Engineer: 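Sharing a structure below in structure tokens format, with a few things to ask.
Keep in mind that this is a model prediction, so the values were computed, not measured. To find a chain, count down the sequence lines: A is the first, B the second, and so on, and within it residues start at 1.
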Amino acid sequence: MAGVGELDGVRMAGQLLGFYDRQGRQLPWRGERDLYRLWVSEIMLQQTGVATVLSYYPRFLARFPTVESLAGSTEEAVLLAWQGLGYYRRAQHLHRAAQRLVARGGGLPEELEGWLGLPGIGPSTAAAILAIGRDQPHAILDGNVKRVLARLLAFPHPLNSSRAQQVLWSVARQLTPRQRPGDYAQAIMDLGATLCTRSQPDCLRCPWQEHCQAHRLAAVASFPVVVPRPGKPRRRGVAALIFDKNRQLLLCQRPAQGLLAGLWEPPTLAMDDAEMLPLEPQSVAQRIAQRFNLHTTLPQPLPPVQHTFTHFHLTLYPFVCQWLGEEGEGVGNEAGYQTVRWLPRAAWHTLPCATLHRKILRLLEPPTASPENH
DNA sequence: AAGGCGGGGAA
DNA sequence: TTCCCAGCCTT
């Protein structure tokens, strides 16, 4: 690996900025000076690709145009605007941080220290907001930058150890110029996103080719070093689609902690073993009765829905049935749901749900006419 | 230091 | 399929 001292930071920054001026991406948050809007973009872009964020960003800002409007809204409304973006904790942190800043008064922080410590703000996000929004010379270190630096140095270790992080932050700081640090931050992310991509990097056009140790070794594909990950286990569950006599559907709000915290879903039963397949409607009814204290008609199966989470695959088997009880009877709640509600079809979309549960609810929609069928 | 956390696009 | 992404938080 090349010594850090061999890097000519000033020359390299100039080359990268030249690349950025010629062929940087045009993105809605480019040139943004409003720290609130920039903050929203940075949070959305955590672990989420630009292509996905592009559709959410303007909608979210139209709904919550200022930090005050965000702070003054309910978490449910924020989650609804975030619905489908994933990592919902980001939205909850964003909301809480907005409330904290508004309560504190004085607007959005103009210095790094004011951002660090807010929920959802880590060192790279804080640096990005002030580098881009105020042209302060802070280094950033995200996935794109890590990949670029790993190749630049022919970095021979996996990137996520704390030692590797230390080294990469150090190099990132060393390369960050005093001139145009905001453009530089966006330029190095553009480089990683458009040329120094994970597969098939376009070294021919790279402004840093002459400095790149991986390229010199003709081994760009060998960096960054990756450790093989264990496969994801598959879990199964039953989604109980329970209607009452008024065609209202039972929906439940998940616990405030853990996976999909605070989002809504049809009551779901985890199935511990695949041995239970095929599922007998009788046993589904029995378990609904045990778990939620709801006696129902014989559940009818719908096609299973597949979904992949960060750490596991999930297959949900939806069953439709009708509640036989009377209004006023309580719904049991051993699943730890925060609250449960009966909702008419027109109200389903007013509650935030994860994509998985949108898929389930779509099974209950009448088939939509295809564009050809006028 | 390690594990948890959604979803979608690319290959 | 598998990998990874404008990371951060909790344990």
Engineer: Contact class for Arg163(A) (heavy atom, under 4.0 Å): base, sugar-phosphate, or nothing?
Structural biologist: nothing
Engineer: Taking the P atom of each, how far is dG6(B) from dT11(C), in whole Å?
Structural biologist: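 Those two atoms are separated by 15 Å.
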Engineer: Quick check for you: name the first and last nucleotides of DNA chain B, 5' to 3', having an atom under 4.0 Å from a heavy atom of chain A.
Structural biologist: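 Answer, 5' to 3': dA1(B) to dA11(B).
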Engineer: Look at all strands and tell whether Arg30(A) reaches a base, only sugar-phosphate, or nothing, counting heavy atoms closer than 4.0 Å.
Structural biologist: base
Engineer: What contact category does Ile43(A) fall into here, base, sugar-phosphate, or nothing, at under 4.0 angstrom with non-hydrogen atoms?
Structural biologist: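 Here Ile43(A) touches no strand at all.
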Engineer: Arg33(A) side chain to Gly133(A) main-chain N or O, any donor-acceptor pair under 3.5 Å?
Structural biologist: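 Checked: pair present.
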Engineer: Using atom CZ of Phe309(A) as one end and atom P of dT2(C) as the other, report the distance to the nearest whole Å.
Structural biologist: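 Rounding to the nearest Å, CZ of Phe309(A) and P of dT2(C) are 18 Å apart.
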Engineer: When the side chains of residues 245-253 of chain A are checked against the rest of the protein, which donor-acceptor pairs come out under 3.5 Å, sequence neighbours left out?
Structural biologist:
| unit_1 | atom_1 | unit_2 | atom_2 | d |
| --- | --- | --- | --- | --- |
| Lys245(A) | NZ | Glu326(A) | OE2 | 3.3 |
| Gln248(A) | NE2 | Asp244(A) | OD2 | 3.1 |
| Gln253(A) | NE2 | Gly262(A) | O | 3.0 |

Engineer: Is there a donor-acceptor pair closer than 3.5 Å between any side-chain N or O of Asp135(A) and the backbone N or O of Gly182(A)?
Structural biologist: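 At least one qualifying donor-acceptor pair exists.
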Engineer: What contact category does Val50(A) fall into here, base, sugar-phosphate, or nothing, at under 4.0 angstrom with non-hydrogen atoms?
Structural biologist: nothing
Engineer: Taking CD from Gln257(A) and C1' from dT11(C), how many angstroms apart are they, rounded to a whole number?
Structural biologist: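 In whole Å, dT11(C) C1' lies 13 Å from Gln257(A) CD.
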Engineer: Could you state the atom-to-atom distance from CD1 of Ile129(A) to C1' of dC8(C) in whole Å?
Structural biologist: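 These atoms are roughly 13 Å apart.
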Engineer: Is the closest side-chain heavy-atom distance between Leu149(A) and Phe155(A) below 4.5 Å?
Structural biologist: no
Engineer: For Leu191(A) and dC5(C), what is the distance between atoms CG and C1' respectively, to the nearest whole Å?
Structural biologist: 16 Å
Engineer: It should be established whether Gln47(A) places a side-chain nitrogen or oxygen under 4.0 Å from OP1 or OP2 of nucleotide dG7(C).
Structural biologist: yes
Engineer: How far does the C1' atom of dC5(B) sit from the matching atom of dC4(C), given to the nearest Å?
Structural biologist: 15 Å
Engineer: Please give the distance between the P atoms of dG8(B) and dC8(C) as a whole number of Å.
Structural biologist: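 Pairwise P distance, dG8(B) against dC8(C), rounds to 23 Å.
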Engineer: Checking all strands, does Trp29(A) fall into the base, sugar-phosphate, or nothing category for heavy-atom contacts under 4.0 angstrom?
Structural biologist: base
Engineer: Kindly determine whether Arg11(A) and Asp8(A) satisfy salt bridge (charged side-chain N to carboxylate O under 4.0 Å, His left out), including the steps that lead there.
Structural biologist: CA-CA 6 Å; Arg11(A) 172 175 168 79; Asp8(A) 181 350; 5.1 Å; no
Engineer: I need the CZ-C1' distance between Arg96(A) and dC9(C), as an integer number of Å.
Structural biologist: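 Answer to the nearest Å: 10 Å.
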Engineer: Atom CG of Leu45(A) to atom P of dA6(C): distance rounded to whole Å?
Structural biologist: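 One finds 8 Å between P of dA6(C) and CG of Leu45(A), rounded.
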Engineer: What is the separation between atom CZ on Arg90(A) and atom C1' on dC5(C), rounded to the nearest whole Å?
Structural biologist: 10 Å
Engineer: Look at all strands and tell whether Gly84(A) reaches a base, only sugar-phosphate, or nothing, counting heavy atoms closer than 4.0 Å.
Structural biologist: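 Contact class for Gly84(A): sugar-phosphate only.
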Engineer: Please classify the nucleic acid contact of Leu116(A) as base, sugar-phosphate, or nothing, using heavy-atom distances under 4.0 Å.
Structural biologist: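 It contacts nothing in the nucleic acid.
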Engineer: His311(A) or Ser162(A): which one's nearest nucleotide on DNA chain B is closer to the 5' end?
Structural biologist: Ser162(A)
Engineer: Run the salt-bridge test on Arg37(A) and Glu42(A) with the 4.0 Å N-O cut-off and return the result as yes or no.
Structural biologist: no
Engineer: Would you say the side-chain atoms of Thr315(A) pair up with the backbone N or O of Arg236(A), donor to acceptor, closer than 3.5 Å?
Structural biologist: no
Engineer: Identify, between Ser41(A) and His313(A), the residue whose nearest nucleotide on DNA chain C lies closer to the 5' end.
Structural biologist: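 Of the two residues, His313(A) wins.
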Engineer: Can you see if the side chain of Arg147(A) gets near the phosphate of dC5(C) - specifically, an N or O under 4.0 Å from OP1 or OP2?
Structural biologist: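 Answer yes for this pair, as a side-chain N or O of Arg147(A) is under 4.0 Å from OP1 or OP2.
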Engineer: Select base, sugar-phosphate, or nothing to describe what Ala128(A) touches, counting heavy atoms under 4.0 Å on all strands.
Structural biologist: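 Result for Ala128(A) = nothing.
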Engineer: Pick the nucleotide of DNA chain B nearest each of Ser161(A) and Lys232(A); which residue has the one closer to the 5' end?
Structural biologist: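 First, find each residue's nearest nucleotide; the 5'-ward one identifies Ser161(A).
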Engineer: Heavy atoms only, 4.0 Å cut-off, all strands: where does Thr48(A) land among base, sugar-phosphate and nothing?
Structural biologist: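 The residue Thr48(A) makes base contact.
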Engineer: Between Arg234(A) and Gln306(A), does any side-chain donor sit less than 3.5 Å from a side-chain acceptor?
Structural biologist: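 Yes.
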Engineer: Flag this pair as yes if the NZ/CZ of Arg235(A) is under 6.0 angstrom from the six-membered ring centre of Phe312(A) and inside a 45 degree cone about the axis; otherwise no.
Structural biologist: yes
Engineer: With a non-hydrogen cut-off below 4.0 angstrom, is Leu260(A) in contact with a base, only sugar-phosphate, or nothing?
Structural biologist: sugar-phosphate
Engineer: Could you tell me whether Thr310(A) contacts a base, only the sugar-phosphate backbone, or nothing, with contacts defined as non-hydrogen atoms closer than 4.0 Å?
Structural biologist: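 Contact class for Thr310(A): base.
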Engineer: Within this structure, what is the CG-to-C1' distance between Asn160(A) and dG7(C), rounded to whole angstrom?
Structural biologist: 10 Å
